[in-house]
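First the structure, in the form of structure tokens, and then the observations on it.
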Amino acid sequence: MSIVKDILKQLNTAQQSAVAQVKGPVLVLAGAGSGKTRVLTHRLAYLIAQEGVRPEQILAVTFTNKAAGEMALRARELLNLPAVAKRFTGFALATPAIGTFHSVCARILREDIGALGALWNGNYTIFDGADVRKAIKQVLSEAQISLTDFNPRIIAKLLDQAKMRLVEPEQFLDEFKDDLPPPVLKIVQQIYGHYQNYLAEVNALDFSDLLFKTVLLLRDYPLIRQKYQNRWQYILVDEYQDTNYAQYEFCRLLAAGHQNLFVVGDDYQSIYGFRGANLDNILNFTRDYPKTKTFLLEQNYRSTQSILNLANAVIAKNRHQNKKVLWTENPRGVLPQIVEVEDERAEAEFVISQIAKLTGKSKSTESEESEKRQTQELEYEYEDQEQCQKPGRGGILDRVMASRRGERPSARLNISRSRPVRLDGINLNTFVVLYRTNAQSRALEEVLLDWNVPYKIIGGVRFYERQEIKDLLAYLRLLANHRDLVSLERVINIPPRGIGPKTWQYLATWLRNNNFDFAGAKQFFGSEVARGMAGPAKKVLPFFTLWSALSGELDKLSVAEMIIQIAESSGYFEHLKATQLNFTEREENIRELASAAVRYSTGRGLEALRGFLEEIALVSDIDSLNDQSQALTLMTIHSAKGLEFETVFMVGLEQGLLPHASATLNPAELEEERRLCYVGITRARERLYLTHTRQRQLYGALIYPQVSEFVAGVDRKIVEWVRE
DNA sequence: TTGTATTATATTTTT
DNA sequence: TATAATACAA
Ligand SMILES: Nc1ncnc2c1ncn2[C@@H]1O[C@H](COP(=O)(O)OP(=O)(O)OP(=O)(O)O)[C@@H](O)[C@H]1O
């Protein structure tokens with residue numbers, strides 16, 4: 001069969017053997033850029049084309065939604081199927097289930113959470129961190145526990161850890177006795193129990209619950225377990241080194257029968273320890289699955305020899321890891337540079353001037369020298385320029401950034417050595433700036449703005465976290481799940497209806513005592529008002545009238561229409577106009593939310609609404625990254641996982657930043673920081689610049705950092721040390 | 001109840 | 001340094 005041949009043709013022999021190992025557990029353990037993701041994608045296609053596996057029998061788990069989309073697209077290409085724009089939105093026939101752990105679990109729970117016998121149903125709301133903290137506060141105040149003694153942030157973190165370790169409230173005392181002193185332990189356990197009850201009452205789940213509850217379903221309910229074990233005969237998992245215990249159990253339970261579990265990963269790249277990732281999942285895979293066939297991929301296709309040399313030198317200092325060989329046939333390339341600059345602004349200016357030099361837009365002598373050093377790969381950058389001129393349709397974030405950039409389509413630069421340089425016509429997408437903390441993006445942003453360089457920031461304050469967006473989403477969430485008290489509290493007085501804490505307490509209690517009967521509430525408060533009763537009834541009645549009108553229209557309107565309908569009929573737009581100086585911008589954002597809804601689906605009713613809300617709850621900023629919009633991308637090293645760029649700038653290579661100050665004492669955390677450094681370095685295909693400053697503004701104070709211990713003292717044969 | 005002013009507080013990475 | 005929590009006046 002020629003399709004199968006084509007699939008295998010694009011792989012080396014080691015990759016081919018891994019792809020063709022159809023049955024049983026398979027571990028692909030390999031370094032950065034060795035084609036792990038490629039192997040996973042090709043295996044997906046291979047199973048269908050060669051083995052005749054029905055697509056819907058395959059589950060592929062990726063680390064981001066974006067990776068899921070790309071994998072689906074690539075697999076269809078390999079199978080000669082026409083591309084479809086549609087995303088994976090359910091467990092459809094004739095398509096494999098491809099998604100993140102969270103999105104796959106969210107869908108399982110939509111179908112089956114009712115089986116748990118608690119108050120949750122398929123319309124559940126997904127709580128983000130802010131919602132969780134509000135819920136915890138509510139629980140604390142009900143239990144009369146002092147907020148100052150038990151910081152909701154810290155509680156949230158503990159409960160998150162518990163769930164990632166599959167610890168239920170009853171087991172909390174045993175499992176966390178080494179982590180907390182006894183009196184605290186006892187109280188946190190109580191809070192945990194109350195919190196879970198509260199979530200059930202308001203029909204909500206937090207991020208960790210998505211996995212936690214799914215694993216409980218699979219573990220304790222044989223019929224459900226069998227259903228999914230039969231549904232997915234083949235399970236593929238990318239980035240396995242960053243799975244936590246709950247995810248490990250999820251895979252183990254699903255694969256328990258057929259054992260067709262195919263995982264790929266790189267222990268050098270485990271960087272999500274703070275999210276419960278357990279390196280031992282991958283290191284002990286062969287012990288947990290004795291029949292495992294292991295494949296090592298040792299050829300790197302991404303980076304130049306010079307970049308790999310540095311990467312290997314950095315990671316060699318770690319102890320808790322498998323030894324791996326990584327080589328490449330790629331050209332030696334230019335040496336990575338470690339550049340010392342004055343401060344964080346100079347850091348940003350270095351990035352800009354270096355881009356100008358590399359793309360030959362500068363006439364300065366330095367740039368000619370550096371041009372001479374370049375390898376021939378630069379050529380195709382120029383070819384790409386023309387095609388990439390038009391700014392892409394892009395996601396929400398692109399639009400937001402574009403509007404922030406204003407009307408200036410081209411970038412005019414003044415390099416510090418005074419010659420004006422234009423950066424237009426340059427494909428900025430081949431560059432990326434990586435940093436350890438989001439806060440570092442601020443200085444970069446300022447300088448880029450000064451110099452009119454188009455940029456986009458991944459992470460930080462996200463579009464969906466803007467106030468007006470959260471307000472509108474709260475209305476939508478309430479329509480999908482009217483028990484969601486956290487959303488109700490948010491919108492009950494927006495726009496202002498004269499409802500403060502007292503009336504809110506009264507209303508919340510009434511609803512909880514009356515089974516969240518909104519129709520009943522409207523009647524009850526209506527009759528109170530009719531009887532001429534003063535007090536809360538008069539204030540809350542308009543809200544219930546609004547709610548009943550909106551929910552009556554749910555089936556008639558698309559999500560986008562509903563968004564506008566809410567903003568208009570609730571008086572939200574007017575409220576913005578009356579109270580906000582930048583109300584046009586905020587109104588624009590709301591209309592942009594509506595466009596996002598259209599892009600998701602034009603369907604009507606609860607089903608469409610639920611899907612849209614789920615999508616929004618689970619998107620990460622990185623999902624909006626596309627290569628069409630012409631802008632320099634800035635992101636954390638964490639977000640860059642799995643990506644590659646021709647030129648990478650890593651900024652802030654300093655003690656205290658990378659490794660981060662909070663990790664320098666603990667050897668395990670220090671190793672994770674070093675892996676983070678390794679991940680950053682190995683994103684680069686051709687050129688790599690690591691910068692560090694002589695002085696930097698940190699939390700208001702001026703500090704004089706040392707160069708990062710990860711690169712300090714690296715041989716001049718491996719890196720070029722530069723002082724600006 | 002609402003809006004503003006002051007003060008405290010924590011500043012790593014994210015689904 | 002920013003944001004959140006709190007206090008107080010209108
Ligand atoms: N056999 C091959 N022939 C040519 N190019 C390949 C081959 N295998 C992988 N590549 C290329 O190497 C690069 C890295 O591949 P991929 O992203 O799959 O690696 P990875 O191991 O998942 O990397 P990482 O662990 O860093 O995320 C990609 O550009 C890919 O197209």
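Worth knowing before you read on, the calculation uses all heavy atoms, side chains too, and leaves out hydrogens, waters and symmetry mates. A, B, ... follow the sequence lines: proteins, then strands. Residue 1 opens every chain.
- In this structure a side-chain-to-backbone donor-acceptor pair under 3.5 Å is present from A/D131 to A/D128.
- For the P atoms, the distance from B/dT13 to C/dA4 is 15 Å, rounded to whole Å.
- Ring-plane geometry between A/W510 and A/F525 is classed as tilted, the angle between the planes lying from 30 to 60 degrees on a 0 to 90 degree scale.
- Using atom P as the reference point in both C/dT6 and B/dT11, the two lie 16 Å apart (nearest Å).
- Partner assigned to B/dT1 is C/dA10, using Watson-Crick or G-U wobble distances below 3.5 angstrom.
- Checked against a 6.0 Å centroid threshold, the rings of A/F63 and A/H102 do not count as neighbours.
- Under a cut-off of 6.0 angstrom, the local environment of NZ in A/K470 is crowded, with over 12 non-hydrogen atoms contributed by other residues, nucleotides or ligands.
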Give the C-alpha distance, both sets of side-chain angles, the deciding distance and a yes or no for side chain to side chain donor-acceptor pair (under 3.5 Å) between A/T693 and A/D343. CA-CA 5 Å; A/T693 61; A/D343 57 17; over 6 Å; no

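- Here A/I499 lies in heavy-atom contact (under 4.0 Å) with sugar-phosphate atoms only.
- In this entry B/dT11 has no Watson-Crick or G-U wobble partner, no candidate having both defining distances under 3.5 Å.
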Which side-chain N or O atoms in residues 156-166 of chain A pair as donor and acceptor under 3.5 Å with protein atoms at least two apart or in another chain?
from	atom 1	to	atom 2	distance (Å)
A/D160	OD1	A/S208	OG	2.5
A/K163	NZ	A/Q196	OE1	2.7
A/K163	NZ	A/D206	OD1	3.4
A/K163	NZ	A/D206	OD2	2.7
A/K163	NZ	A/D209	OD1	3.1
A/K163	NZ	A/D209	OD2	3.1
A/R165	NH2	A/E175	O	3.0

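- Remark: C1' of C/dT1 and CD of A/Q440 are 15 Å apart, rounded to the nearest angstrom.
- Among the atoms of the strands shown, only primed sugar atoms or phosphate atoms (P, OP1, OP2) are found under 4.0 Å from some heavy atom of A/K137.
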Expected string for nucleotides 10-15 of chain B under the B/S/- scheme (protein heavy atoms, under 4.0 Å, primed atoms plus P, OP1, OP2 as sugar-phosphate) is -BBBBB

